[in-house]
Amino acid sequence: MKQLSRRTLLRGAGTALSLPLLEAMRPTVSAAQAKAPLRLAFLYVPNGMHMPDWTPQQTGSGFQVPSTLQPVAHHVPKLNVLTNLTLDGARAHGDGGGD
């Protein structure tokens with residue numbers, strides 16, 4: 001919910017008249033009408049992690065939550081765990097630097 005203070009409005013009144021309607025100038029949406037924001041998290045650990053602790057054993061919905069993901073277990077119906085997204089072409093494979 002963005003608000004435009006009276007002081008800010010008065011300070012820029014001359015400019016505000018020549019600008020199109022700004023988002024902060026519109027009436028705010030009530031909490032009942034506002035949608036919950038979508039969330040997305042990408043976890044990057046440069047030194048790696050023990051993937052069996054993060055990866056569910058089953059695929060599809062209703063999977064058994066691994067111990068590391070227990071804090072978000074109540075979100076399982078809305079949770080997607082993507083695995084095997086490694087960029088294998090960036091690895092050296094013993095023939096010099098990666099691609």
J.: Does a sphere of radius 6.0 Å around CD in Q57 hold more than 12 heavy atoms from other residues, nucleotides or ligands, not counting ones at 6.0 Å or beyond?
T.: no
J.: Within the side chain of Q70, is there an N or O that forms a donor-acceptor pair under 3.5 Å with the backbone of V65?
T.: yes
J.: Ignoring hydrogens, what is the shortest heavy-atom contact between Q64 and Q58? Give both atom names and the distance.
T.: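 Shortest heavy-atom contact: N-OE1, 2.9 Å.
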J.: How many angstroms lie between NZ in K78 and CG in L38, if you round to the nearest 0.5 Å?
T.: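 With rounding to 0.5 Å, NZ (K78) is 9.5 Å from CG (L38).
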J.: Under the side-chain hydrogen bond (donor to acceptor under 3.5 Å, both in side chains) test, which residues partner D53, sequence neighbours left out?
T.: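 D53 satisfies side-chain hydrogen bond (donor to acceptor under 3.5 Å, both in side chains) with H50 only.
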J.: Just verifying a value: how many Å separate L79 CG and R39 CZ, rounded to the nearest 0.5 Å?
T.: 14.5 Å
J.: Distance check, rounded to the nearest 0.5 Å: S61 atom OG versus N80 atom CG?
T.: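 Between atom OG of S61 and atom CG of N80 there are 10.0 Å.
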J.: Take F63 and V81, measure what side-chain contact (heavy atoms from CB on, under 4.5 Å) needs, and give me the verdict at the end.
T.: CA-CA 10 Å; F63 55 85; V81 178; 4.1 Å; yes
J.: Ignoring hydrogens, what is the shortest heavy-atom contact between P52 and P66? Give both atom names and the distance.
T.: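 Nearest pair, atom of P52 first, then P66: O-CB, 4.5 Å.
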